[in-house]
Asks: 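Before I ask anything, here is the structure I am working with.
Chain letters run A, B, ... following the sequence lines, proteins first, then strands; residues in each count from 1. The model shown is predicted, which means the values in this text are computed figures rather than measured ones.
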2 protein chains.
Amino acid sequence: MAVYQHNTRILVALDCIIFGFDGESLKLLLIKRNFEPEYGKWSLMGGFLNEGEDLEEAAGRILYNLTGLRNNYLEQLQTFGTVYRDPVERTISVVYYSLVNIADQDVAAIQAHNASWISLDSKPTLIFDHDQMVTVALQRLRYKAALHPIGFELLPSKFTVPQLQKLYEAIYGTQLDRRNFSRKIMATDLLLSTGEKDTNSVTKKGQLYTLNSDRYRKYLDGYYTFLPELAELSGG
Amino acid sequence: MAVYQHNTRILVALDCIIFGFDGESLKLLLIKRNFEPEYGKWSLMGGFLNEGEDLEEAAGRILYNLTGLRNNYLEQLQTFGTVYRDPVERTISVVYYSLVNIADQDVAAIQAHNASWISLDSKPTLIFDHDQMVTVALQRLRYKAALHPIGFELLPSKFTVPQLQKLYEAIYGTQLDRRNFSRKIMATDLLLSTGEKDTNSVTKKGQLYTLNSDRYRKYLDGYYTFLPELAELSGG
DNA sequence: CTAGAATTGTGTCAAAAACACACGTTCTTG
DNA sequence: CAAGAACGTGTGTTTTTGACACAATTCTAG
(Lines give C-alpha, C1' and ligand atoms only; values in the text may rest on other atoms or scores of the structure.)
Protein backbone atom coordinates (compact mmCIF):
# COMPACT_ATOMS: atom_id res chain seq x y z
CA MET A 1 0.00 0.00 0.00
CA ALA A 2 2.76 2.41 0.88
CA VAL A 3 4.13 2.44 -2.65
CA TYR A 4 1.42 4.59 -4.21
CA GLN A 5 0.84 6.64 -1.08
CA HIS A 6 1.47 10.09 -2.51
CA ASN A 7 -0.89 9.85 -5.48
CA THR A 8 -4.35 11.33 -5.65
CA ARG A 9 -7.40 9.11 -5.58
CA ILE A 10 -10.22 10.26 -7.81
CA LEU A 11 -13.93 9.59 -8.18
CA VAL A 12 -14.66 7.19 -11.00
CA ALA A 13 -18.10 7.41 -12.53
CA LEU A 14 -19.74 5.42 -15.31
CA ASP A 15 -22.26 6.71 -17.80
CA CYS A 16 -24.34 4.62 -20.16
CA ILE A 17 -25.57 5.67 -23.55
CA ILE A 18 -28.49 3.43 -24.35
CA PHE A 19 -29.66 3.25 -27.94
CA GLY A 20 -33.03 1.92 -28.99
CA PHE A 21 -35.05 1.79 -32.17
CA ASP A 22 -38.84 1.98 -32.36
CA GLY A 23 -39.24 1.16 -36.04
CA GLU A 24 -39.04 4.78 -37.08
CA SER A 25 -36.20 6.61 -35.42
CA LEU A 26 -33.12 6.05 -33.31
CA LYS A 27 -33.70 6.80 -29.64
CA LEU A 28 -31.79 7.40 -26.47
CA LEU A 29 -32.86 6.43 -22.99
CA LEU A 30 -32.41 9.60 -20.97
CA ILE A 31 -33.14 10.55 -17.40
CA LYS A 32 -34.91 13.62 -16.16
CA ARG A 33 -33.07 14.03 -12.91
CA ASN A 34 -35.11 14.15 -9.72
CA PHE A 35 -31.98 14.30 -7.59
CA GLU A 36 -29.01 16.57 -7.08
CA PRO A 37 -26.88 17.88 -8.66
CA GLU A 38 -28.59 19.38 -11.71
CA TYR A 39 -32.07 18.54 -10.44
CA GLY A 40 -34.68 18.72 -13.22
CA LYS A 41 -32.23 18.54 -16.09
CA TRP A 42 -31.70 15.73 -18.58
CA SER A 43 -28.74 13.41 -18.35
CA LEU A 44 -27.43 9.99 -19.19
CA MET A 45 -27.90 7.16 -16.74
CA GLY A 46 -24.82 6.90 -14.59
CA GLY A 47 -23.34 5.93 -11.27
CA PHE A 48 -20.11 5.44 -9.42
CA LEU A 49 -17.72 2.56 -9.51
CA ASN A 50 -17.93 0.55 -6.32
CA GLU A 51 -15.10 -1.09 -4.45
CA GLY A 52 -14.68 -4.68 -5.53
CA GLU A 53 -16.52 -4.11 -8.78
CA ASP A 54 -15.08 -4.40 -12.30
CA LEU A 55 -15.75 -1.58 -14.73
CA GLU A 56 -17.69 -3.80 -17.09
CA GLU A 57 -19.68 -5.16 -14.16
CA ALA A 58 -20.56 -1.68 -12.97
CA ALA A 59 -21.75 -0.65 -16.42
CA GLY A 60 -23.90 -3.78 -16.55
CA ARG A 61 -25.33 -3.01 -13.14
CA ILE A 62 -26.29 0.51 -14.13
CA LEU A 63 -27.89 -0.73 -17.32
CA TYR A 64 -29.76 -3.43 -15.46
CA ASN A 65 -31.05 -1.08 -12.79
CA LEU A 66 -32.52 1.21 -15.38
CA THR A 67 -33.89 -1.21 -17.96
CA GLY A 68 -34.15 -4.59 -16.28
CA LEU A 69 -32.02 -5.94 -19.11
CA ARG A 70 -28.89 -8.05 -18.95
CA ASN A 71 -26.59 -9.45 -21.60
CA ASN A 72 -27.22 -6.69 -24.04
CA TYR A 73 -24.65 -5.41 -26.42
CA LEU A 74 -22.47 -3.32 -24.13
CA GLU A 75 -19.21 -1.79 -25.22
CA GLN A 76 -16.82 0.60 -23.61
CA LEU A 77 -16.88 3.85 -25.55
CA GLN A 78 -14.29 6.11 -24.04
CA THR A 79 -13.20 7.63 -20.77
CA PHE A 80 -13.82 11.32 -20.29
CA GLY A 81 -11.48 13.05 -17.92
CA THR A 82 -11.10 16.77 -18.36
CA VAL A 83 -10.54 18.45 -15.03
CA TYR A 84 -13.75 20.43 -14.60
CA ARG A 85 -16.20 18.19 -16.41
CA ASP A 86 -18.07 17.64 -13.14
CA PRO A 87 -18.38 20.92 -11.26
CA VAL A 88 -19.00 19.24 -7.91
CA GLU A 89 -15.75 17.37 -7.65
CA ARG A 90 -13.17 16.05 -10.03
CA THR A 91 -14.60 12.88 -11.51
CA ILE A 92 -13.54 10.87 -14.50
CA SER A 93 -16.25 9.00 -16.31
CA VAL A 94 -15.88 5.70 -18.12
CA VAL A 95 -18.61 5.72 -20.72
CA TYR A 96 -20.27 2.63 -22.16
CA TYR A 97 -22.83 2.43 -24.90
CA SER A 98 -25.45 -0.21 -25.22
CA LEU A 99 -27.81 -1.40 -27.93
CA VAL A 100 -31.19 -2.49 -26.66
CA ASN A 101 -34.27 -4.06 -28.13
CA ILE A 102 -36.76 -1.47 -27.05
CA ALA A 103 -39.55 -4.04 -26.76
CA ASP A 104 -37.76 -5.97 -24.00
CA GLN A 105 -37.49 -3.05 -21.60
CA ASP A 106 -38.81 -3.11 -18.04
CA VAL A 107 -41.26 -0.20 -18.20
CA ALA A 108 -41.66 -0.02 -14.42
CA ALA A 109 -37.92 0.27 -13.82
CA ILE A 110 -37.64 2.97 -16.43
CA GLN A 111 -40.48 4.98 -14.95
CA ALA A 112 -39.06 4.57 -11.46
CA HIS A 113 -35.90 6.28 -12.68
CA ASN A 114 -37.87 9.00 -14.39
CA ALA A 115 -36.37 8.00 -17.71
CA SER A 116 -37.78 8.11 -21.22
CA TRP A 117 -36.89 7.26 -24.77
CA ILE A 118 -36.04 10.39 -26.71
CA SER A 119 -35.50 10.64 -30.43
CA LEU A 120 -32.03 11.75 -31.36
CA ASP A 121 -33.62 14.48 -33.50
CA SER A 122 -35.29 16.05 -30.49
CA LYS A 123 -32.61 15.43 -27.90
CA PRO A 124 -32.54 18.09 -25.18
CA THR A 125 -29.29 19.57 -23.95
CA LEU A 126 -27.74 17.32 -21.35
CA ILE A 127 -25.75 18.09 -18.22
CA PHE A 128 -21.98 18.24 -17.90
CA ASP A 129 -20.23 16.77 -20.96
CA HIS A 130 -23.00 14.28 -21.71
CA ASP A 131 -23.80 15.90 -25.05
CA GLN A 132 -20.25 15.30 -26.13
CA MET A 133 -20.51 11.70 -24.97
CA VAL A 134 -23.60 11.20 -27.09
CA THR A 135 -21.87 12.72 -30.09
CA VAL A 136 -18.96 10.34 -29.73
CA ALA A 137 -21.29 7.39 -29.19
CA LEU A 138 -23.32 8.14 -32.28
CA GLN A 139 -20.14 8.45 -34.26
CA ARG A 140 -18.98 5.09 -32.94
CA LEU A 141 -22.32 3.47 -33.67
CA ARG A 142 -22.24 4.72 -37.23
CA TYR A 143 -18.70 3.57 -37.61
CA LYS A 144 -19.26 0.11 -36.25
CA ALA A 145 -22.63 -0.52 -37.84
CA ALA A 146 -21.13 0.00 -41.29
CA LEU A 147 -18.50 -2.66 -40.63
CA HIS A 148 -20.21 -5.09 -38.29
CA PRO A 149 -23.78 -6.29 -38.21
CA ILE A 150 -24.47 -4.90 -34.73
CA GLY A 151 -27.66 -3.26 -35.94
CA PHE A 152 -29.52 -6.48 -35.21
CA GLU A 153 -29.07 -5.82 -31.50
CA LEU A 154 -31.59 -3.02 -31.80
CA LEU A 155 -34.29 -5.17 -33.43
CA PRO A 156 -36.65 -7.80 -32.05
CA SER A 157 -35.57 -11.39 -32.59
CA LYS A 158 -37.86 -11.64 -35.61
CA PHE A 159 -37.78 -8.86 -38.14
CA THR A 160 -38.23 -8.14 -41.82
CA VAL A 161 -35.66 -6.84 -44.27
CA PRO A 162 -37.46 -3.50 -44.69
CA GLN A 163 -37.41 -3.06 -40.91
CA LEU A 164 -33.68 -3.62 -40.92
CA GLN A 165 -33.32 -1.11 -43.70
CA LYS A 166 -35.32 1.51 -41.82
CA LEU A 167 -32.99 1.00 -38.90
CA TYR A 168 -29.92 1.68 -41.00
CA GLU A 169 -31.59 4.69 -42.53
CA ALA A 170 -32.30 6.02 -39.05
CA ILE A 171 -28.74 5.47 -37.88
CA TYR A 172 -27.21 7.27 -40.84
CA GLY A 173 -30.00 9.73 -41.56
CA THR A 174 -30.06 8.76 -45.19
CA GLN A 175 -32.13 6.88 -47.76
CA LEU A 176 -31.02 3.55 -49.13
CA ASP A 177 -32.03 1.72 -52.26
CA ARG A 178 -34.38 -1.06 -51.22
CA ARG A 179 -33.28 -3.48 -53.89
CA ASN A 180 -29.54 -3.17 -53.39
CA PHE A 181 -29.94 -3.25 -49.62
CA SER A 182 -31.85 -6.48 -49.75
CA ARG A 183 -29.37 -8.09 -52.09
CA LYS A 184 -26.41 -7.18 -49.92
CA ILE A 185 -27.99 -8.35 -46.69
CA MET A 186 -29.02 -11.64 -48.26
CA ALA A 187 -25.53 -12.15 -49.62
CA THR A 188 -24.16 -12.11 -46.06
CA ASP A 189 -26.10 -15.21 -45.18
CA LEU A 190 -26.90 -13.66 -41.82
CA LEU A 191 -30.66 -14.10 -42.03
CA LEU A 192 -32.58 -17.29 -41.40
CA SER A 193 -36.06 -17.45 -42.81
CA THR A 194 -38.75 -18.30 -40.25
CA GLY A 195 -41.46 -18.93 -42.81
CA GLU A 196 -43.67 -16.50 -40.89
CA LYS A 197 -44.85 -13.12 -42.04
CA ASP A 198 -45.05 -9.80 -40.28
CA THR A 199 -48.62 -9.44 -39.02
CA ASN A 200 -48.15 -5.84 -37.96
CA SER A 201 -47.50 -4.46 -41.40
CA VAL A 202 -50.22 -2.19 -42.75
CA THR A 203 -49.67 -3.17 -46.36
CA LYS A 204 -47.94 -6.18 -47.77
CA LYS A 205 -46.68 -8.41 -44.97
CA GLY A 206 -42.97 -8.95 -45.19
CA GLN A 207 -41.10 -12.15 -44.46
CA LEU A 208 -39.81 -12.54 -40.93
CA TYR A 209 -36.20 -13.56 -40.40
CA THR A 210 -34.05 -14.37 -37.41
CA LEU A 211 -30.35 -13.83 -37.04
CA ASN A 212 -27.94 -16.61 -37.91
CA SER A 213 -25.93 -16.39 -34.69
CA ASP A 214 -22.96 -18.47 -35.80
CA ARG A 215 -22.46 -16.30 -38.81
CA TYR A 216 -23.08 -13.19 -36.74
CA ARG A 217 -20.20 -14.01 -34.43
CA LYS A 218 -17.89 -14.43 -37.38
CA TYR A 219 -18.75 -10.99 -38.63
CA LEU A 220 -17.97 -9.47 -35.25
CA ASP A 221 -14.35 -10.61 -35.36
CA GLY A 222 -12.60 -9.07 -38.28
CA TYR A 223 -14.76 -6.69 -40.15
CA TYR A 224 -16.72 -6.64 -43.29
CA THR A 225 -17.56 -3.59 -45.30
CA PHE A 226 -21.18 -3.98 -44.62
CA LEU A 227 -22.48 -0.97 -46.39
CA PRO A 228 -19.72 0.70 -48.38
CA GLU A 229 -21.86 3.66 -49.34
CA LEU A 230 -22.01 4.69 -45.68
CA ALA A 231 -18.27 5.09 -45.34
CA GLU A 232 -18.30 8.87 -45.60
CA LEU A 233 -21.13 9.15 -43.13
CA SER A 234 -19.16 7.35 -40.44
CA GLY A 235 -17.07 9.59 -38.25
CA GLY A 236 -13.51 8.40 -37.75
CA MET B 1 -18.79 18.56 -2.27
CA ALA B 2 -21.04 16.81 0.15
CA VAL B 3 -23.12 15.26 -2.63
CA TYR B 4 -20.66 12.55 -3.61
CA GLN B 5 -19.33 12.04 -0.10
CA HIS B 6 -20.08 8.35 0.31
CA ASN B 7 -18.41 7.14 -2.89
CA THR B 8 -14.99 5.57 -3.10
CA ARG B 9 -12.12 7.42 -4.66
CA ILE B 10 -9.77 5.29 -6.68
CA LEU B 11 -6.26 5.55 -8.08
CA VAL B 12 -6.26 6.42 -11.76
CA ALA B 13 -3.20 5.37 -13.73
CA LEU B 14 -2.28 5.85 -17.36
CA ASP B 15 -0.28 3.47 -19.49
CA CYS B 16 1.13 4.19 -22.92
CA ILE B 17 1.67 1.69 -25.68
CA ILE B 18 4.24 3.20 -27.99
CA PHE B 19 4.60 1.72 -31.44
CA GLY B 20 7.58 2.31 -33.69
CA PHE B 21 8.88 0.93 -36.96
CA ASP B 22 12.54 0.50 -37.86
CA GLY B 23 12.09 -0.41 -41.52
CA GLU B 24 11.86 -4.10 -40.78
CA SER B 25 9.56 -4.88 -37.90
CA LEU B 26 6.99 -3.31 -35.65
CA LYS B 27 8.39 -2.40 -32.23
CA LEU B 28 7.21 -1.45 -28.80
CA LEU B 29 8.94 0.91 -26.43
CA LEU B 30 9.10 -1.02 -23.16
CA ILE B 31 10.62 -0.34 -19.78
CA LYS B 32 12.78 -2.61 -17.70
CA ARG B 33 11.69 -1.46 -14.30
CA ASN B 34 14.36 -0.25 -11.90
CA PHE B 35 11.76 0.71 -9.31
CA GLU B 36 9.08 -0.96 -7.23
CA PRO B 37 6.76 -2.71 -7.58
CA GLU B 38 7.85 -5.49 -9.94
CA TYR B 39 11.47 -4.35 -9.96
CA GLY B 40 13.44 -5.86 -12.85
CA LYS B 41 10.43 -6.85 -14.91
CA TRP B 42 9.24 -5.41 -18.20
CA SER B 43 6.27 -3.08 -18.40
CA LEU B 44 4.64 -0.33 -20.36
CA MET B 45 5.47 3.26 -19.56
CA GLY B 46 2.91 4.59 -17.15
CA GLY B 47 2.11 7.00 -14.38
CA PHE B 48 -0.67 8.40 -12.29
CA LEU B 49 -3.19 11.06 -13.15
CA ASN B 50 -2.41 14.27 -11.29
CA GLU B 51 -4.86 16.70 -9.81
CA GLY B 52 -5.67 19.47 -12.24
CA GLU B 53 -4.54 17.43 -15.21
CA ASP B 54 -6.70 16.20 -18.10
CA LEU B 55 -6.41 12.56 -19.11
CA GLU B 56 -5.12 13.42 -22.57
CA GLU B 57 -2.64 15.83 -21.03
CA ALA B 58 -1.36 13.19 -18.64
CA ALA B 59 -0.87 10.69 -21.44
CA GLY B 60 1.03 13.33 -23.40
CA ARG B 61 3.20 14.08 -20.38
CA ILE B 62 4.10 10.43 -19.91
CA LEU B 63 4.93 10.06 -23.57
CA TYR B 64 7.00 13.22 -23.53
CA ASN B 65 8.96 12.23 -20.46
CA LEU B 66 9.95 8.96 -22.02
CA THR B 67 10.61 9.92 -25.62
CA GLY B 68 11.06 13.68 -25.71
CA LEU B 69 8.30 13.74 -28.31
CA ARG B 70 5.17 15.85 -28.44
CA ASN B 71 2.29 16.04 -30.87
CA ASN B 72 2.52 12.45 -31.93
CA TYR B 73 -0.43 10.39 -32.87
CA LEU B 74 -1.95 9.63 -29.49
CA GLU B 75 -5.29 7.94 -29.09
CA GLN B 76 -7.14 6.61 -26.11
CA LEU B 77 -7.33 2.85 -26.39
CA GLN B 78 -9.43 1.61 -23.52
CA THR B 79 -9.72 1.75 -19.77
CA PHE B 80 -8.81 -1.37 -17.85
CA GLY B 81 -10.53 -1.75 -14.54
CA THR B 82 -10.79 -5.26 -13.17
CA VAL B 83 -10.55 -5.26 -9.43
CA TYR B 84 -7.24 -6.98 -8.84
CA ARG B 85 -5.35 -5.90 -11.91
CA ASP B 86 -2.85 -4.06 -9.72
CA PRO B 87 -1.99 -6.18 -6.69
CA VAL B 88 -0.73 -3.21 -4.66
CA GLU B 89 -3.98 -1.28 -4.55
CA ARG B 90 -7.07 -1.01 -6.67
CA THR B 91 -6.14 1.09 -9.68
CA ILE B 92 -7.89 1.61 -12.95
CA SER B 93 -5.72 2.36 -15.92
CA VAL B 94 -6.63 4.54 -18.87
CA VAL B 95 -4.52 3.24 -21.72
CA TYR B 96 -3.36 5.28 -24.68
CA TYR B 97 -1.46 4.15 -27.71
CA SER B 98 0.88 6.22 -29.71
CA LEU B 99 2.56 5.99 -33.09
CA VAL B 100 6.07 7.35 -33.20
CA ASN B 101 8.65 7.97 -35.85
CA ILE B 102 11.47 6.01 -34.30
CA ALA B 103 14.11 8.31 -35.77
CA ASP B 104 12.85 11.34 -33.82
CA GLN B 105 13.26 9.79 -30.39
CA ASP B 106 15.29 11.35 -27.60
CA VAL B 107 17.80 8.57 -26.97
CA ALA B 108 19.03 10.04 -23.68
CA ALA B 109 15.52 10.23 -22.23
CA ILE B 110 14.83 6.68 -23.23
CA GLN B 111 18.04 5.41 -21.68
CA ALA B 112 17.36 7.38 -18.52
CA HIS B 113 14.11 5.46 -18.13
CA ASN B 114 15.81 2.16 -18.85
CA ALA B 115 13.58 1.68 -21.88
CA SER B 116 14.22 -0.05 -25.18
CA TRP B 117 12.55 -0.82 -28.45
CA ILE B 118 11.47 -4.44 -28.59
CA SER B 119 10.17 -6.28 -31.62
CA LEU B 120 6.65 -7.52 -31.18
CA ASP B 121 7.88 -10.97 -32.16
CA SER B 122 10.24 -11.13 -29.21
CA LYS B 123 8.13 -9.31 -26.65
CA PRO B 124 8.79 -10.48 -23.09
CA THR B 125 5.96 -11.11 -20.67
CA LEU B 126 4.88 -7.86 -19.07
CA ILE B 127 3.62 -7.07 -15.57
CA PHE B 128 0.01 -6.88 -14.44
CA ASP B 129 -2.41 -6.84 -17.37
CA HIS B 130 0.01 -5.08 -19.70
CA ASP B 131 0.17 -8.04 -22.07
CA GLN B 132 -3.56 -7.82 -22.53
CA MET B 133 -3.25 -4.10 -23.18
CA VAL B 134 -0.71 -4.74 -25.90
CA THR B 135 -2.95 -7.35 -27.46
CA VAL B 136 -5.84 -4.92 -27.60
CA ALA B 137 -3.61 -2.15 -28.91
CA LEU B 138 -2.25 -4.28 -31.71
CA GLN B 139 -5.76 -5.29 -32.63
CA ARG B 140 -6.79 -1.65 -32.70
CA LEU B 141 -3.77 -0.66 -34.76
CA ARG B 142 -4.56 -3.36 -37.30
CA TYR B 143 -8.16 -2.35 -37.36
CA LYS B 144 -7.52 1.33 -37.85
CA ALA B 145 -4.60 1.03 -40.22
CA ALA B 146 -6.75 -0.89 -42.68
CA LEU B 147 -9.33 1.91 -42.73
CA HIS B 148 -7.31 5.06 -42.11
CA PRO B 149 -3.87 6.01 -43.32
CA ILE B 150 -2.37 6.26 -39.83
CA GLY B 151 0.58 4.11 -40.85
CA PHE B 152 2.34 7.24 -42.05
CA GLU B 153 2.74 8.31 -38.44
CA LEU B 154 5.30 5.57 -38.01
CA LEU B 155 7.45 6.65 -40.95
CA PRO B 156 9.89 9.51 -41.44
CA SER B 157 8.51 12.54 -43.25
CA LYS B 158 10.05 11.36 -46.50
CA PHE B 159 9.58 7.74 -47.48
CA THR B 160 9.26 5.44 -50.46
CA VAL B 161 6.29 3.32 -51.45
CA PRO B 162 8.15 0.06 -50.77
CA GLN B 163 8.97 1.31 -47.26
CA LEU B 164 5.31 1.99 -46.67
CA GLN B 165 4.50 -1.48 -47.91
CA LYS B 166 7.04 -3.08 -45.57
CA LEU B 167 5.35 -1.23 -42.72
CA TYR B 168 1.95 -2.63 -43.57
CA GLU B 169 3.43 -6.08 -43.96
CA ALA B 170 4.95 -5.78 -40.50
CA ILE B 171 1.70 -4.60 -38.94
CA TYR B 172 -0.32 -7.46 -40.39
CA GLY B 173 2.38 -10.09 -40.56
CA THR B 174 1.61 -10.84 -44.15
CA GLN B 175 2.94 -10.39 -47.67
CA LEU B 176 1.35 -7.94 -50.08
CA ASP B 177 1.56 -7.71 -53.84
CA ARG B 178 3.89 -4.85 -54.66
CA ARG B 179 2.08 -3.81 -57.82
CA ASN B 180 -1.42 -3.74 -56.42
CA PHE B 181 -0.23 -2.02 -53.26
CA SER B 182 1.38 0.74 -55.24
CA ARG B 183 -1.65 1.23 -57.43
CA LYS B 184 -3.98 1.51 -54.46
CA ILE B 185 -1.80 3.92 -52.53
CA MET B 186 -1.36 6.11 -55.56
CA ALA B 187 -5.08 6.14 -56.19
CA THR B 188 -5.63 7.72 -52.76
CA ASP B 189 -3.71 10.82 -53.81
CA LEU B 190 -2.11 10.87 -50.38
CA LEU B 191 1.47 11.02 -51.59
CA LEU B 192 3.28 14.07 -52.86
CA SER B 193 6.37 13.46 -54.94
CA THR B 194 9.48 15.23 -53.67
CA GLY B 195 11.52 14.58 -56.78
CA GLU B 196 14.25 13.12 -54.55
CA LYS B 197 15.35 9.53 -54.35
CA ASP B 198 16.13 7.31 -51.41
CA THR B 199 19.91 7.37 -51.02
CA ASN B 200 19.93 4.61 -48.42
CA SER B 201 18.63 1.90 -50.67
CA VAL B 202 21.16 -0.79 -51.52
CA THR B 203 19.74 -1.48 -54.95
CA LYS B 204 17.47 0.65 -57.06
CA LYS B 205 16.74 3.93 -55.30
CA GLY B 206 13.06 4.50 -54.84
CA GLN B 207 11.24 7.79 -55.18
CA LEU B 208 10.72 9.71 -51.96
CA TYR B 209 7.26 11.03 -51.15
CA THR B 210 5.77 13.16 -48.43
CA LEU B 211 2.28 13.00 -47.05
CA ASN B 212 -0.43 15.22 -48.50
CA SER B 213 -1.68 16.52 -45.15
CA ASP B 214 -4.95 18.01 -46.38
CA ARG B 215 -5.96 14.77 -47.94
CA TYR B 216 -4.70 12.86 -44.92
CA ARG B 217 -7.05 14.72 -42.61
CA LYS B 218 -9.96 13.91 -44.87
CA TYR B 219 -9.17 10.24 -44.65
CA LEU B 220 -9.10 10.39 -40.86
CA ASP B 221 -12.72 11.49 -40.70
CA GLY B 222 -14.96 8.91 -42.23
CA TYR B 223 -13.12 5.85 -43.28
CA TYR B 224 -11.84 4.37 -46.42
CA THR B 225 -11.31 0.69 -47.04
CA PHE B 226 -7.65 1.19 -47.39
CA LEU B 227 -6.58 -2.34 -47.86
CA PRO B 228 -9.59 -4.61 -48.26
CA GLU B 229 -7.55 -7.78 -48.22
CA LEU B 230 -6.55 -7.06 -44.62
CA ALA B 231 -10.10 -7.06 -43.36
CA GLU B 232 -9.96 -10.56 -41.95
CA LEU B 233 -6.67 -9.89 -40.25
CA SER B 234 -8.11 -7.02 -38.25
CA GLY B 235 -9.65 -7.98 -34.95
CA GLY B 236 -13.07 -6.48 -34.33
C1' DC C 1 33.46 -3.23 -67.29
C1' DT C 2 29.92 -6.22 -67.88
C1' DA C 3 26.57 -9.87 -66.48
C1' DG C 4 23.48 -10.86 -63.07
C1' DA C 5 20.87 -10.24 -58.85
C1' DA C 6 17.88 -7.42 -56.27
C1' DT C 7 14.63 -3.97 -56.11
C1' DT C 8 11.55 -0.42 -58.10
C1' DG C 9 8.06 1.47 -61.49
C1' DT C 10 4.24 0.81 -64.77
C1' DG C 11 0.80 -2.01 -67.45
C1' DT C 12 -2.83 -5.61 -68.68
C1' DC C 13 -6.79 -8.47 -68.10
C1' DA C 14 -10.39 -11.32 -66.08
C1' DA C 15 -13.39 -11.79 -62.14
C1' DA C 16 -16.06 -9.75 -58.63
C1' DA C 17 -18.65 -6.14 -56.51
C1' DA C 18 -21.31 -2.02 -56.51
C1' DC C 19 -24.82 0.76 -58.29
C1' DA C 20 -28.81 2.30 -60.98
C1' DC C 21 -32.97 0.89 -62.43
C1' DA C 22 -37.41 -2.34 -63.95
C1' DC C 23 -40.95 -5.42 -63.18
C1' DG C 24 -44.19 -8.49 -60.91
C1' DT C 25 -46.53 -9.68 -56.29
C1' DT C 26 -49.04 -9.15 -52.01
C1' DC C 27 -51.99 -6.86 -49.03
C1' DT C 28 -55.23 -3.11 -47.35
C1' DT C 29 -58.73 0.31 -48.09
C1' DG C 30 -62.42 2.64 -50.00
C1' DC D 1 -62.69 -5.09 -56.89
C1' DA D 2 -59.75 -1.29 -58.23
C1' DA D 3 -56.12 1.56 -56.66
C1' DG D 4 -52.38 2.53 -53.85
C1' DA D 5 -48.67 1.16 -51.06
C1' DA D 6 -45.14 -1.73 -49.74
C1' DC D 7 -42.54 -6.03 -50.65
C1' DG D 8 -39.52 -9.39 -53.41
C1' DT D 9 -36.54 -10.57 -57.21
C1' DG D 10 -33.94 -9.65 -61.60
C1' DT D 11 -30.69 -7.34 -65.11
C1' DG D 12 -27.17 -4.57 -67.25
C1' DT D 13 -23.29 -1.16 -66.76
C1' DT D 14 -19.51 0.69 -64.35
C1' DT D 15 -15.87 0.36 -60.93
C1' DT D 16 -12.75 -2.09 -58.15
C1' DT D 17 -10.05 -5.90 -57.07
C1' DG D 18 -6.59 -9.36 -57.50
C1' DA D 19 -3.31 -12.13 -60.26
C1' DC D 20 0.36 -11.66 -63.13
C1' DA D 21 4.10 -9.67 -66.96
C1' DC D 22 7.61 -6.74 -68.31
C1' DA D 23 10.90 -2.98 -68.28
C1' DA D 24 14.15 0.09 -65.71
C1' DT D 25 17.61 1.22 -62.06
C1' DT D 26 21.55 0.27 -59.16
C1' DC D 27 24.99 -2.43 -56.81
C1' DT D 28 28.36 -6.21 -56.92
C1' DA D 29 31.09 -10.08 -58.38
C1' DG D 30 34.03 -11.97 -61.51
Asks: Indicate whether the side chain of A/Glu153 and that of A/Tyr216 have a donor and an acceptor atom separated by less than 3.5 Å.
Replies: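 Side chains of A/Glu153 and A/Tyr216: pair found under 3.5 Å.
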Asks: Would you please say whether a donor-acceptor pair under 3.5 Å links the side chains of A/Ser98 and A/Asn72?
Replies: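 A/Ser98 vs A/Asn72: no donor-acceptor pair found between side chains.
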Asks: Heavy-atom nearest nucleotide on DNA chain D for B/Asn180 versus A/Gln163: which residue maps closer to 5'?
Replies: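 Looking at the nearest nucleotide for each, A/Gln163 comes out on the 5' side.
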Asks: Can you work out whether B/Arg183 or B/Val161 has the more 5'-proximal nearest nucleotide on DNA chain C?
Replies: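 Checking each residue's closest nucleotide, the 5'-ward one belongs to B/Val161.
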Asks: Does the ring center of A/Phe80 lie less than 6.0 Å from the ring center of A/Phe128?
Replies: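 Not close enough - the centres of the two rings lie 6.0 Å or further apart.
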Asks: Is any N or O donor-acceptor pair between the side chain of B/Arg179 and the base of D/dA21 shorter than 3.5 Å?
Replies: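 When only heavy-atom distances are counted, B/Arg179 does reach the base of D/dA21 through a donor-acceptor pair under 3.5 Å.
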Asks: Whole-Å distance between C/dA18 P and A/Phe181 CZ?
Replies: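 The distance from CZ of A/Phe181 to P of C/dA18 comes to 14 Å, rounded to the nearest Å.
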Asks: Which nucleotide wins on minimum distance to the side chain of B/Thr203, given the candidates D/dG8, C/dA6, C/dC19?
Replies: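 Nearest listed nucleotide: C/dA6.
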Asks: Please figure out whether B/Asp177 or B/Lys166 has its closest DNA chain C nucleotide nearer the 5' end.
Replies: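 Between the two, 5'-proximity favours B/Lys166.
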Asks: Whole angstrom is fine here: how far is it from CD1 in B/Ile185 over to C1' in D/dT17?
Replies: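 In whole Å, D/dT17 C1' and B/Ile185 CD1 are 14 Å from each other.
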Asks: How many whole angstroms separate atom CD of A/Gln175 from atom P of C/dC19?
Replies: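 That distance rounds to 16 Å.
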Asks: Looking at B/Val95, is its backbone amide N or carbonyl O close enough to the side chain of B/Ser93 to form a donor-acceptor pair, meaning the two atoms are under 3.5 Å apart?
Replies: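 Not at all, since once roles are kept as given, no pair shorter than 3.5 Å links the two residues.
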Asks: Looking at A/Lys204 and C/dT26, is any side-chain donor or acceptor paired with a base atom of the opposite kind under 3.5 Å?
Replies: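 Absent.
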Asks: Between A/Lys197 (NZ) and C/dT26 (C1'), how many Å, whole number?
Replies: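 Distance check: A/Lys197 NZ to C/dT26 C1' gives 7 Å.
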